[in-house]
Amino acid sequence: MEEIGDNINSNDSYYGPTLFLRGDKSEYVTKNDTEIIRRHFPKATVETIDNAGHWLHAENPDQFFEKSLTFLKQE
């Protein structure tokens with residue numbers, strides 16, 4: 001738990017597929033963050049959940065499930 005809030009080192013990268021979900025009503029992941037995300041996760045997909053803030057899974061569970069499942073089914 002202590003490491004969750006730690007910053008990623010500037011040279012750290014993960015080259016596997018990664019999904020970032022953001023709510024269209026949330027300021028937690030902004031469009032400006034996309035550049036930083038791609039620097040550390042070059043194969044990242046950034047998806048936006050409609051009509052959701054920070055609690056994506058509770059505010060739009062259908063779209064959260066759909067986007068998550070689509071990502072997980074990719075080969």
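Count residues from 1 along the sequence.
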What's the spacing between [X] [atom1] and [Y] [atom2] if we round to 0.5 Å?
X: Thr30; Y: Asp33; atom1: OG1; atom2: CG; answer: 3.5 Å
X: Ser68; Y: Glu47; atom1: OG; atom2: CD; answer: 9.5 Å
X: Lys25; Y: Glu59; atom1: NZ; atom2: CD; answer: 7.5 Å
X: Tyr28; Y: Leu56; atom1: OH; atom2: CG; answer: 11.0 Å
X: His40; Y: Ser10; atom1: NE2; atom2: OG; answer: 7.0 Å

So do the side chains of [X] and [Y] get within less than 4.5 Å of each other, counting heavy atoms only?
X: Arg22; Y: Ile49; value: no
X: Phe41; Y: Ser13; value: no
X: Thr45; Y: Phe20; value: no
X: Leu21; Y: Leu19; value: yes
X: Lys73; Y: Thr70; value: no

Exercise. Just by distance, do the side chain of Asp24 and the backbone of Ala52 share a donor-acceptor pair under 3.5 Å?
Worked result: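 Here the side-chain-to-backbone pair exists.
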Problem set entry | Full working for side-chain hydrogen bond (donor to acceptor under 3.5 Å, both in side chains) between Gln63 and Asp50 | CA-CA 8 Å; Gln63 198 173 69; Asp50 298 326; 3.1 Å; yes
For this session: Report yes or no: do Tyr14 and Val46 belong to one cluster of Ile/Leu/Val/Met/Phe/Trp/Tyr joined by side chain heavy-atom distances under 4.5 Å?
Result: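 Looking at the clustering, Val46 is in the same group as Tyr14.
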